[in-house]
Each structure stands twice: as C-alpha cells, then as structure tokens.
Amino acid sequence: MSTNQPAAENPRPDEHGADHGTQVASMFDGIAGRYDLMNLVMTWGQEPRFVRRTVQRAELPDAPVVLDLATGTGDIALEVLRQHYGATITGADFAPEMMEVGKRRPGGEQVDWVEADAMDLPFADGTFDAVTHGYLLRNVADIPTTLAEQFRVLKPGGRMVALETSPAPDNLIKPFSTAYIKYVVPQISKLITRDPEAYEYLSATSRGFKTPAQIQDLLEEAGFEDVGHETHLFGTLAIHWATKPR
C-alpha cells in the first residue's frame, strides 16, 4: 500500500520547489521490493490482520466491484479476492514499480492494475460497490478532493473503507509509541532497505496526521453517512468506514 501526493501540511521529501507528488511516487518505487516487510515491522507483525479487518469492514456484496486506491503491492486488493469469490478488483496507484511487485504476487493476475492520481480518478460516476485504501489520506495534497472523488465513483449505498495511521493519543503509552515510530522504525529500516529516508518521511507524516475524529468530520463533510472508525495499536492506527447515501 503506497501513497499519492504528499499532504501540504506534512514534511516533504525535500526542501526544494520540485514536484513533490512525483518525488513521493519515486520514493515508493525505490523501496517497492522491501515495502511489505517494512509494513510488518512498522505494525509489529500485525499488518495482515489489519488488512483482513479492513476488507471485512467494507461489508461487500456478492461478486463485488471494488476499487483499491494506493494499492501499492496489492495487500488489500488481494485480500478482497481471498474473501470474496467472483470479485472484480481494480488496484490504482501513483507508483508503478509498487504495482509491478503486486503483479508478481499470487493472484496478482486477477487484479486490474491502473496508474492513477487519487485526486483525479479515471473512472465513471457510480462504478464501484466499494473503495478501499491503505495509508493514502496522510499523503495526499487535498483530502477533501480525494474523498469527493471516492464519493463520485461509488455506487449509491457503496462503502469507503480506509486503513490509516493516527497520531498517538494522549495516554500513558504515547511516549513509547511515539519513540517507536520516530526513532526505532527509521533505524530498523536501515537494516532492511537502502532508503531509510523514506521511512523517516513516513514516520513524520504518521505523527503529524489528523486524528480519527478529524477524519470522521471530513467524511461527513464529503457527504458520507454511517461514518465510523475503530483504533488499533494503542490508538496509532485506525480503520475508517463510511457509506454513500442511497
């Protein structure tokens, strides 16, 4: 699961006036081969469970038509296929090399892989039963536009489900969870990837991202109903869901 364009309020991959969306895509392409392993490390080995839970929260109908945004190497897209026989799944991402890794995974040939910008989707109105994504919203330049596009391509009654990081809530665990993301993850990444700067960027965007309550407000402002979320990993990860009105 990868990203599209970096949020304007978040730290950027460099401090110059370059095209940051393109740079972020390039950054993820550079770590594509090790991305899944690092996701396991960053979630203390629980990433597969969170992916399964995300797909369950989509409450998909029989033979669903699903769009998985920021699909990356296809974790959520492939889980949809495992849980729902006859599903039609489109995986869209800004980083083509990430999708190349996904294409080589078991079941990858059943996914329609599309290079696309989450803020300007190349799909018709009312196309999908569900839109899923993992770790997308913290990295787009405009969250309302991104959610409006998801709302547009959903069928009436369709579901949006997102797996996202969250800033550590103010509790006794916060100093430890913050230290893990800020210091430990970048150090571990040096042992696994040749681009630890990518995970320093991800660490910073995770700490500076919106709270689950703020994301819920944005979903409601986009027109969704039945909006909710659940948190995991001591509040540092959330699964969000919402429904397009019928």
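Worth knowing before you read on, the calculation uses all heavy atoms, side chains too, and leaves out hydrogens, waters and symmetry mates. Computed from a predicted model, the values in this text were never measured in an experiment.
Counting heavy atoms of neighbouring residues, nucleotides and ligands inside a 6.0 Å radius, atom CG of Asp62 does not exceed 12 of them.
To the nearest 0.5 Å, atom CG of residue Leu136 and atom OG1 of residue Thr71 are 11.0 Å apart. The CH2 atom of Trp113 sits 9.0 Å away from the CD1 atom of Ile89 when rounded to the nearest 0.5 Å. Remark: Asp93 CG to Met99 CE distance equals 5.5 Å, nearest 0.5 Å. For the atom pair CG of Leu233 and OG of Ser166, the computed distance is 10.0 Å after rounding to the nearest 0.5 Å. Taking CZ from Phe128 and CZ from Arg152, the interatomic distance works out to 9.5 Å, rounded to the nearest 0.5 Å. To the nearest 0.5 Å, the span separating CG on Leu163 from OG1 on Thr54 amounts to 4.0 Å.
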>> Is there a side chain to side chain contact (heavy atoms under 4.5 Å, CB included) between Leu60 and Val66? Walk through the geometry before answering.
In response: CA-CA 9 Å; Leu60 297 172; Val66 180; 3.9 Å; yes
> Under the side chain to side chain contact (heavy atoms under 4.5 Å, CB included) criterion, do Thr146 and Leu137 qualify, and how do the steps go?
Replying inline: CA-CA 8 Å; Thr146 302; Leu137 297 179; 4.0 Å; yes
>> As a quick check of understanding, evaluate side chain to side chain contact (heavy atoms under 4.5 Å, CB included) for Met160 and Phe224, giving each step before the final call.
In response: CA-CA 9 Å; Met160 187 289 315; Phe224 287 99; 4.0 Å; yes
> Do Gln214 and Thr211 pass the side chain to side chain contact (heavy atoms under 4.5 Å, CB included) test, and can you show the C-alpha distance, the side-chain angles, and the key distance before you say yes or no?
Replying inline: CA-CA 5 Å; Gln214 290 172 321; Thr211 66; 3.2 Å; yes
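Across all their heavy atoms, Pro61 and Asp129 have their closest contact at CG-CG, 4.0 Å. Taking both residues in full, the closest heavy atoms of Val80 and Ala87 are given as CG1-CB, 3.9 Å, listed atom of the first, atom of the second, then distance. The two residues Glu79 and Val51 come nearest to each other via the heavy atoms CB-CG1, 3.7 Å. In plain terms, the two heavy atoms of Ala92 and Leu67 that are nearest each other are CB-CD1, 4.1 Å.
Thr132 has its side chain out of reach of Leu69: every pair of non-hydrogen atoms, C-beta onward, lies at least 4.5 Å apart. Taking the side chain as every heavy atom from C-beta outward, Val114 and Asp112 approach each other to under 4.5 Å. Taking 4.5 Å as the limit, some side-chain heavy atom of Leu147 sits within range of a side-chain heavy atom of Leu219. Val111 places a side-chain heavy atom less than 4.5 Å from the side chain of Leu78. Leu218 is listed as a side-chain neighbour of Pro144, based on a closest heavy-atom distance under 4.5 Å. Using a 4.5 Å heavy-atom cutoff, the side chains of Glu230 and His232 are in contact. Side-chain contact between Val140 and His133: absent, with no pair of heavy atoms (C-beta onward) separated by less than 4.5 Å. Within the 4.5 Å cutoff, the side chain of Pro212 has heavy atoms near those of the Thr231 side chain.
Scanning for side-chain contact (heavy atoms from CB on, under 4.5 Å) contacts around Gln216 gives Glu220, Val227, His229, with sequence neighbours left out. Take Glu164 and apply the salt bridge (charged side-chain N to carboxylate O under 4.0 Å, His left out) test, not counting sequence neighbours, and it matches no residue. Evaluation of the salt bridge (charged side-chain N to carboxylate O under 4.0 Å, His left out) rule for Arg52 yields no partner, not counting sequence neighbours.
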Quiz: residues 239-246 side-chain donor-acceptor pairs under 3.5 angstrom, not counting sequence neighbours:
{"unit_1": "Thr243", "atom_1": "OG1", "unit_2": "Arg159", "atom_2": "NH1", "d": "3.2"}
{"unit_1": "Lys244", "atom_1": "NZ", "unit_2": "Phe151", "atom_2": "O", "d": "2.9"}
{"unit_1": "Lys244", "atom_1": "NZ", "unit_2": "Leu154", "atom_2": "O", "d": "2.7"}

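Here ring-ring contact (aromatic ring centres under 6.0 Å, His included) pairs that include residues 51-78, with residues two or more places apart or in two chains, number zero. Counting only residues at least two apart or on different chains, no ring-ring contact (aromatic ring centres under 6.0 Å, His included) pair has a member in residues 63-88.
Without hydrogens or angle criteria, Glu115 side chain to Pro96 main chain gives no donor-acceptor distance under 3.5 Å. Listed for the Asp125 side chain is no donor-acceptor partner under 3.5 Å among the backbone atoms of Val153.
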